[in-house]
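Quick notes on the structure that follows.
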Amino acid sequence: KYDWCVNIGSNNMRYDFNAKKTDDEYLFETIDRMYEHANKGVLLQLNSSALVIDQDQEDSGIVRFNPGVILNYAQTKYGNVALDHTGTNELFYLIIYKN
């Protein structure tokens, strides 16, 4: 175990080729595993679905997440959560603090 588990950009693409899991399900499993291995908390940087400008951007293969859906999941499961979407419209940060 480590104090913090940090994930910067590794959920931007799917590497598991498991078509049975949605992108959200895959992310939630990742968050759960990170939480198990952290003493103080979890930090993720994720691509936001809040700003998709054109179809080429949508078809790029980059996974984008709805910040509200991700925040709701984390708050419901872990409670002490923050979401920062202030730096850019394209990215957001999810911070989960362990109690």
Side-chain angles (χ1 to χ4, degrees):
K1 281 194 167 188
Y2 293 92
D3 284 346
W4 286 88
C5 284
V6 178
N7 182 324
I8 304 295
S10 71
N11 282 87
N12 294 342
M13 302 287 283
R14 287 285 298 269
Y15 303 101
D16 65 333
F17 304 108
N18 183 348
K20 294 180 182 178
K21 291 181 187 175
T22 67
D23 293 336
D24 285 352
E25 290 170 330
Y26 183 76
L27 175 63
F28 298 155
E29 287 180 6
T30 299
I31 292 171
D32 294 343
R33 292 294 306 234
M34 291 174 66
Y35 192 86
E36 291 172 11
H37 291 90
N39 290 322
K40 293 186 178 183
V42 171
L43 169 67
L44 294 100
Q45 177 194 50
L46 300 165
N47 286 320
S48 176
S49 64
L51 180 67
V52 176
I53 297 171
D54 58 36
Q55 191 61 39
D56 289 338
Q57 187 180 10
E58 183 70 29
D59 295 337
S60 67
I62 293 176
V63 178
R64 300 181 185 282
F65 297 96
N66 180 318
V69 169
I70 305 307
L71 178 62
N72 186 50
Y73 167 80
Q75 281 182 323
T76 300
K77 185 152 189 179
Y78 299 110
N80 198 6
V81 175
L83 189 135
D84 181 2
H85 206 297
T86 59
T88 173
N89 288 334
E90 296 177 13
L91 300 171
F92 66 95
Y93 298 90
L94 177 71
I95 305 112
I96 302 172
Y97 301 96
K98 287 189 99 167
N99 298 333

Linking I/L/V/M/F/W/Y whenever any side-chain heavy atoms sit under 4.5 Å apart, do Tyr35 and Ile8 land together?
no
Between Tyr97 and Ala82, which heavy-atom pair has the shortest distance, and what is it?
CE1-CB, 4.3 Å
Any side-chain heavy atom of Leu83 within less than 4.5 Å of one from Gln75?
no
Rounded to the nearest 0.5 Å, what's the gap from CG on Asp23 to CG on Leu46? Could you check?
11.0 Å
Would the distance check show the side chain of Ser49 and the main-chain N or O of Phe65 forming a donor-acceptor pair, the cut-off being under 3.5 Å?
yes
Between the CD1 atom in Ile96 and the CG atom in Leu43, the distance rounded to the nearest 0.5 Å is 9.5 Å
Any idea which heavy atoms bring Gly87 and Asp84 closest together, and the distance?
N-OD1, 4.3 Å
Which class fits the ring pair His85 and Phe92: parallel under 30°, tilted 30 to 60°, perpendicular over 60°?
parallel
Would you give the length of the straight line joining atom CD1 of Ile62 to atom CG of Asn12, rounded to the nearest 0.5 angstrom?
6.5 Å
Residues, nucleotides or ligands: over 12 heavy atoms within 6.0 Å of Lys98 NZ
yes
Heavy-atom pair with the smallest gap, counting every atom of Glu29 and Lys21:
OE1-NZ, 2.7 Å
Is the Tyr78 ring parallel, tilted or perpendicular to the Tyr73 ring (thresholds 30°, 60°)?
perpendicular
Does a side-chain heavy-atom distance below 4.5 Å link Leu94 with Ile31?
yes
Do Asn47 and Val63 have side chains that approach each other closer than 4.5 Å (heavy atoms only, starting at C-beta)?
no
Nearest 0.5 angstrom please: Thr22 OG1 to Leu27 CG, how far?
9.0 Å
Cluster question for you: counting only ILVMFWY and a side-chain heavy-atom cut-off of under 4.5 Å, with indirect links fine, are Phe28 and Val6 together?
no
Taking the side chain as every heavy atom from C-beta outward, state whether Tyr93 and Thr86 have any atom pair closer than 4.5 Å.
no
From Leu91 CG over to Gln45 CD, what is the distance, rounded to the nearest 0.5 angstrom?
4.5 Å
